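None of the values given here were measured: they were computed from a predicted structure.
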Amino acid sequence: MLIGLLTAVAASICYGTGSVLQAVGSRRAARTSPAAAGVTAHGGPNLTSTAKAAMTWEFIVGTILDFVGFGLGALAARMLPLFLSQTVISANLVITAVLSVKMLGIRLTRKEWASIGVVCAALVLLATAAGHEGGHHAPMATHWWLLAVTALIIVGGTVAVRFLGARAAILAGLLSGLAFGALGVGVRILDGVEPFALGTLLADPALYAIVLAGAGGMYLHTVALQIGSVNGATAALVVGETVLPGAIGVLWLGDASRPGLAWLAVLGFVLAVTGAVAVAWYGNHEGAGEPAPEPVPEPVS
């Protein structure tokens, strides 16, 4: 349990730091582009602008940290109940909020700090109440359903961003969280890991759900950082990343709390989600009244 918790905390630190670095890179790329460039007719970023953001050094370092966080999170998902591992990993919201003050010049309100405090308290309750993790086996139909739902999330999110534009920031964050939640479930039920069997691993639809969820979730999270508040987008991601896999772990995979502490686990889970939603709501208004930065004119050759 302790090793799993430390692994989840390390993953959380990597994800939180990576999110802020990616936001810095996204905003720097946006400042050096003409105002009308890189957007769809509905005001959302197109693939070109997203790719340009992904080429900044801040974004590249942030992406490397995300990959490290992914590896650590995968280990935690197999050592802890999903409702605990995903919630601890989602505490990267706290890291994101604190670093955004220093690196993005964002001022957090008292309501945002209070909401972050609620999330931290909820994590303590969850860690106290968590019991053993359930099994790693699920029917093959579940593996196929996971792949189908993951594809639906990614395709639906991409279409929504294209047609809703800047209004899709929180939705993109939420769907990226659902994708990362699906990734956690896929890691948990993946066949061919223990014992290792390459043929079984490659034949498992959950493996391709993991790959699709990772790549698609990263894209949707990048878009959310481009068009919305870093804290709001990350908090929406927290909700999607926590609720679905936590429920699946309890209902279908046998995750459980310690005897007599189910109420504490439920309370901690509800407080964690409530605190994340509060940060998403308050963080979404960050900079709402500030004028947009003027684009830097390109030099005349």
Let me see the working for L5 and L84 under side-chain contact (heavy atoms from CB on, under 4.5 Å), right down to the final yes or no.
-> CA-CA 9 Å; L5 278 173; L84 177 59; 3.9 Å; yes

Any chance you could lay out the side-chain contact (heavy atoms from CB on, under 4.5 Å) test for F269 and L125, step after step, and finish with the verdict?
-> CA-CA 8 Å; F269 191 83; L125 296 181; over 6 Å; no

So L178 and L175, side-chain contact (heavy atoms from CB on, under 4.5 Å) or not? Walk me through it.
-> CA-CA 5 Å; L178 289 175; L175 291 177; 3.9 Å; yes

Run the numbers on T142 and L146 for side-chain contact (heavy atoms from CB on, under 4.5 Å), then give the verdict.
-> CA-CA 6 Å; T142 302; L146 181 65; 5.6 Å; no

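Residue pairs meeting the salt bridge (charged side-chain N to carboxylate O under 4.0 Å, His left out) criterion with at least one partner in residues 56-76, sequence neighbours excluded, are R28-E58.
Clustering ILVMFWY residues whenever any of their side-chain heavy atoms sit less than 4.5 angstrom apart, transitively, puts V88 in a cluster other than the one holding L261.
V68 belongs to a hydrophobic cluster whose other members, connected by ILVMFWY side-chain contacts under 4.5 Å either directly or through intermediates, are L72.
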Side chains of residues 201-209: which donor-acceptor pairs under 3.5 Å do they make with residues two or more places apart or in other chains?
| from | atom 1 | to | atom 2 | distance (Å) |
| --- | --- | --- | --- | --- |
| D204 | OD1 | H143 | ND1 | 2.5 |
| D204 | OD1 | A206 | N | 3.0 |
| D204 | OD2 | H143 | ND1 | 3.2 |
| D204 | OD2 | D191 | N | 2.8 |
| Y208 | OH | L202 | O | 2.6 |

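Distance CZ/F70 to CE/M218: 10.0 Å, rounded to 0.5 Å.
In this structure a side-chain-to-backbone donor-acceptor pair under 3.5 Å is missing from Y15 to A10. S12 places no side-chain N or O within 3.5 Å of a backbone atom of A8 that could act as its donor or acceptor partner. With hydrogens and angles disregarded, a donor-acceptor distance shorter than 3.5 Å links the side chain of T128 to the backbone of V124. One N or O on the side chain of S176 and one on the backbone of G173 form a donor-acceptor pair closer than 3.5 Å.
Minimum heavy-atom separation, A11 to G69: CB-O, 3.5 Å. Shown here for H221 and Q22, the closest heavy-atom pair between the two residues is CD2-OE1, 4.1 Å. Contact record, A76 with S85: O-CB, 3.8 Å, taken as the closest heavy-atom pair. Shortest non-hydrogen contact noted between G184 and A77 is O-CB, 4.1 Å. Pairing each heavy atom of G217 with each of I154, the nearest pair is N-CD1, 3.7 Å. Residue A151 comes nearest to L212 through the heavy atom pair CA-CD2, 3.6 Å, listed as atom of the first residue, atom of the second, then distance.
The 12-atom threshold is not exceeded at CH2 of W144, counting heavy atoms of other residues, nucleotides or ligands nearer than 6.0 Å.
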